[in-house]
Amino acid sequence: LYPALQPRRTYSETTLPGGKAARDRVTVALLCNADGSHNFPAFVISKVRRPRDFGRDFDPELYVRWRSNRKGWMNSELFTEWMEGVNAGFFIEGRQVVILLDNASSHALNPQRAIEEELLGFKTLKMSNVRLIFLPPNTTCFTQPLDQGIIATVKTHYRKKWVEELIALWETGSLGARLSSAKPKWRDTVVWLAEAWSSVSAVTVQRCWWRTGCLPATWASLLPHVNATAQYARGADAADMNDLAAAISRLALGRRAMRALDFVTADDGQPTTDLIETAA
């Protein structure tokens with residue numbers, strides 16, 4: 001996620017966003033269950049351990065799990081820490097759970113923390129209370145529930161908050177004539193991310209999970225917002241996208257304004273994992 005990205009066509013729609021916006025980026029990892037009743041705190045990885053505008057009093061851990069490394073990417077060390085925390089929570093609750101995730105090189109656990117097994121042809125890693133099941137390579141866009149619209153919905157909510165902040169700054173004259181130079185405070189980025197994640201409805205989560213086809217047909221009765229015979233579209237909710245489009249229009253950027261969909265997907269496909277680990 002590029003927190004400072006603005007809905008301007010001065011940022012190429014086919015290449016990496018330029019300028020300062022390209023340097024200010026974070027990797028955000030999300031985890032939720034199939035019925036949308038529990039969204040785990042977002043796991044956010046920055047290049048900066050503690051940005052200056054956090055000051056002494058702001059605690060990002062009240063909103064997200066905040067971590068950092070040189071590239072701001074997920075790696076096996078951070079992934080192991082994240083999953084150990086999740087596993088510890090389920091150990092306390094006495095629950096056994098399965099987590100589906102893509103087969104990225106960074107999604108590797110410390111060998112001392114898990115047993116590698118195979119289940120129904122899928123590679124798995126088994127901890128005391130969590131079994132990780134890795135989806136087949138190159139199938140994420142079809143089989144990963146988060147990619148069916150959950151991530152897009154989070155980004156839609158986040159970017160609407162950022163556009164509303166830009167509007168407020170512009171209307172109060174805080175930016176002078178240089179709207180393009182505006183950047184959100186890191187503490188605002190953390191709070192907005194947490195609020196955006198909590199704003200994703202159970203309706204969206206259930207339908208995104210159902211769209212992948214990875215849930216048994218008998219589960220339809222357990223998901224009140226799912227119609228087993230319906231075809232659900234991929235992407236963010238239309239109402240949320242319309243709200244973002246309306247906010248963008250208030251910036252009065254004219255022809256320079258990006259479409260809401262382009263704004264949401266502008267940073268899709270950017271690296272989020274340490275590819276060096278592939279050769280390890």
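- Around CZ of Arg234, the count of heavy atoms belonging to other residues, nucleotides or ligands within 6.0 Å exceeds 12.
- For the residue pair Arg70 / Ser68, no side-chain donor-acceptor distance below 3.5 Å is found, with atom types taken as modelled.
- Proximity of a side-chain donor or acceptor of Gln144 to a complementary backbone N or O of Leu146 within less than 3.5 Å is detected.
- In this structure the side chain of Trp170 never reaches within 4.5 angstrom of the side chain of Thr172, judged on heavy atoms.
- Here the closest non-hydrogen pair linking Asn87 and Met127 is OD1-CB, 3.5 Å.
- At distances below 3.5 Å, at least one donor-acceptor pair connects side-chain atoms of Gln96 with backbone N or O atoms of Ser128.
- Panel note: side chain Asn39, backbone Cys32; no donor-acceptor pair is recorded below 3.5 Å.
- In this model, a donor atom of one side chain and an acceptor atom of the other lie less than 3.5 Å apart for Asp237 and Thr204.
- A distance of 8.0 Å separates CE in Met83 from NE2 in His107, rounded to the nearest 0.5 Å.
- Although no hydrogens or angles enter the test, the distance criterion places no donor-acceptor pair under 3.5 Å between the side chain of Arg131 and the main chain of Val98.
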Checking Ile248 against Met258 for the side-chain contact (heavy atoms from CB on, under 4.5 Å) test, could you report, in this order, the C-alpha distance in whole Å, the side-chain angles of both residues, the deciding distance, and whether it holds? CA-CA 8 Å; Ile248 292 174; Met258 297 172 69; 5.8 Å; no

Can Asn129 and Val86 be said to form a side-chain contact (heavy atoms from CB on, under 4.5 Å), step by step? CA-CA 9 Å; Asn129 290 71; Val86 172; over 6 Å; no

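- Counting heavy-atom neighbours within 6.0 Å of Phe142 CZ, excluding the residue itself, gives a total of 12 or less.
- Exactly one residue among Phe58, Trp192, Phe54, Trp197 makes a ring pair (Phe, Tyr, Trp, His ring centres under 6.0 Å) with Tyr63. That residue is Phe58.
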Tyr2/Phe263 under ring-ring contact (aromatic ring centres under 6.0 Å, His included): CA gap, chis, key distance, verdict: CA-CA 11 Å; Tyr2 292 88; Phe263 187 32; over 10 Å; no

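- Although no hydrogens or angles enter the test, the distance criterion places a donor-acceptor pair under 3.5 Å between the side chain of Arg187 and the main chain of Asp53.
- In this structure, Gln148 contributes its side chain and Gly235 its backbone to no donor-acceptor pair below 3.5 Å.
- Remark: side-chain polar atoms of Ser106 are not paired, donor with acceptor, to backbone N or O of Ser76 under 3.5 angstrom.
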Run the numbers on Asp268 and Lys155 for salt bridge (charged side-chain N to carboxylate O under 4.0 Å, His left out), then give the verdict. CA-CA 10 Å; Asp268 283 3; Lys155 291 169 70 174; 2.5 Å; yes

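- Listed for the Asp262 side chain is no donor-acceptor partner under 3.5 Å among the backbone atoms of Ala266.
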